[in-house]
Enquirer: 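Quick one: the structure is below, questions incoming.
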Amino acid sequence: MGSSKQGGILAYMPELPEVETVRQDLDKHLKGLVVEDVVVKKENLIRGIGNIREILVRGKFVGVRRRAKLLIFDLEKDGKELHFVAHLKMTGRFLIRKRGDAKDEYQHITFTLTNGQELRFCDLRQFGYLQIVTEEELKEILAGYGPEPLDDLKLSDFTSRLTRRIAVKKLLLDQAVFSGIGNIYANEALFLAKIHPERLANTLSSTEAEKLFEAVNEVLSLGLKHRGTTTRDESFRDVFGEPGENADNLKVYEKAGQQCSNKCGGVVKKMMVGGRGTYFCENCQR
DNA sequence: AGCTCACCCTGGACGC
DNA sequence: TGCGTCCAGGGTGAGC
């Protein structure tokens with residue numbers, strides 16, 4: 001035994017590399033297309049006020065941005081700017097399909113577009129959401145996020161944010177402190193940096209902080225380069241339904257019971273930290 | 001300040 | 001076999 005049960009749970013977490021992969025594809029393929037219709041089958045996936053269909057119909061996609069794990073859709077209608085944001089949470093997916101293609105599983109919201117294409121929002125768990133936002137609301141939402149690890153985060157800023165007396169893994173997952181890091185990449189970064197997930201963030205030495213900074217950068221960059229982490233058939237897919245190629249680069253995530261890849265003789269363990277499944281080598285990570 | 005827990009929701013796992 | 005119960009998990013918010 002030794003391997004902790006994964007339960008066949010359909011769990012995957014789109015994080016920065018996955019959401020950025022989706023963003024790049026959406027931006028490329030939606031730009032210039034006009035919304036002809038929006039069909040909402042699950043109203044609970046729509047947040048905020050206003051009729052999303054009335055607001056978005058005749059809107060033209062101008063671009064898709066990303067902040068943390070949030071996708072920001074910019075449209076233009078009657079000379080005015082329109083925005084909606086979307087969070088994939090655990091199991092959300094955007095898929096670009098042709099009109100008439102077979103319905104996708106858990107397809108809850110469908111945008112009909114001008115070139116015979118459809119943008120579909122699918123979500124098994126229905127934790128994800130879409131929300132129309134005003135310029136002011138958007139500004140407010142974006143202001144709540146910490147710096148982007150692959151963009152504006154410098155070592156000095158990273159280190160200066162390790163002041164709280166909480167488990168370093170919890171800090172990495174706090175979107176107000178660092179944005180875009182989720183469970184998979186937090187586990188992987190801590191393993192690379194050889195830091196125990198429960199170490200209090202304010203006890204890291206400057207050397208450890210620098211190692212962690214580099215590790216975060218490395219795992220996120222690698223994940224993005226390989227278009228996201230897909231660990232099983234049901235997990236992450238890009239907008240065309242294709243899996244990412246980053247799973248082979250994982251060292252600890254969902255590898256409880258396996259030999260540590262550092263060949264230290266240790267075994268990958270699973271524990272809960274802040275209610276999240278946490279994988280680490282107790283031999284390497286101190 | 002930081003912790004725990006409930007909530008949102010679904011479908012496997014598990015118990016009887 | 002089959003039905004009921006438990007539970008994960010990102011983010012948010014309440015209460016301690």
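Lettering of chains follows the sequences in order, A, B, ..., and the numbering in each one begins at 1.
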Enquirer: Ignoring the backbone of A:R165, work out which of B:dG11, C:dG10, B:dG2 is nearest its side chain.
Expert: B:dG2
Enquirer: Please determine, for the side chain of A:L124, which listed nucleotide (B:dG11, C:dG11, B:dG2) has the closest atom?
Expert: B:dG11
Enquirer: So, is A:Q175 near the phosphate of C:dG10, with a side-chain N or O under 4.0 Å from OP1 or OP2?
Expert: no
Enquirer: Would you say C:dG11 has OP1 or OP2 under 4.0 Å from some side-chain N or O of A:K69?
Expert: yes
Enquirer: Determine the interplanar angle of the A:F84 and A:F61 rings, folded into 0 to 90°, and report it as parallel if under 30°, tilted if 30 to 60°, perpendicular if over 60°.
Expert: perpendicular
Enquirer: Write down the distance between CG (A:L173) and C1' (C:dG9), rounded to a whole number of angstrom.
Expert: 11 Å
Enquirer: Using a 4.0 Å heavy-atom cut-off across all strands, classify A:N44 as base, sugar-phosphate, or nothing.
Expert: sugar-phosphate
Enquirer: Remember a base hit wins even if backbone is also touched, and classify A:G274 as base, sugar-phosphate or nothing at under 4.0 Å, heavy atoms.
Expert: nothing
Enquirer: Considering just the side-chain nitrogens and oxygens of A:H87, establish if one lies under 4.0 Å of OP1 or OP2 belonging to C:dG11.
Expert: yes
Enquirer: Does the C:dG10 base have a donor-acceptor partner in the side chain of A:R125 within less than 3.5 Å?
Expert: no
Enquirer: Does a nitrogen or oxygen in the side chain of A:Q126 sit under 4.0 Å from OP1 or OP2 of B:dT10?
Expert: yes
Enquirer: Applying side chain to side chain donor-acceptor pair (under 3.5 Å) between A:T229 and each of A:D248, A:N249, A:N246, report the one that passes.
Expert: A:N246
Enquirer: Stacking between A:F127 and the base of B:dC9 (centre distance under 5.5 Å, interplanar angle under 30°)?
Expert: no
Enquirer: Would you compute the distance between atom CG of A:L75 and atom NZ of A:K60 and round it to the nearest 0.5 angstrom?
Expert: 10.5 Å
Enquirer: Quick one: is B:dG11 close enough that its OP1 or OP2 comes under 4.0 Å of any side-chain N or O from A:Y106?
Expert: yes
Enquirer: Would A:R67 and A:Y145 count as a cation-pi pair here, with the cationic atom under 6.0 angstrom from the ring centre and within 45° of the axis?
Expert: no
Enquirer: Side chain of A:M90 only, please: which of B:dG2, C:dG10, B:dT10 is the nearest?
Expert: C:dG10
Enquirer: Are any of A:K42's side-chain N or O atoms less than 4.0 Å away from OP1 or OP2 of B:dC9?
Expert: no
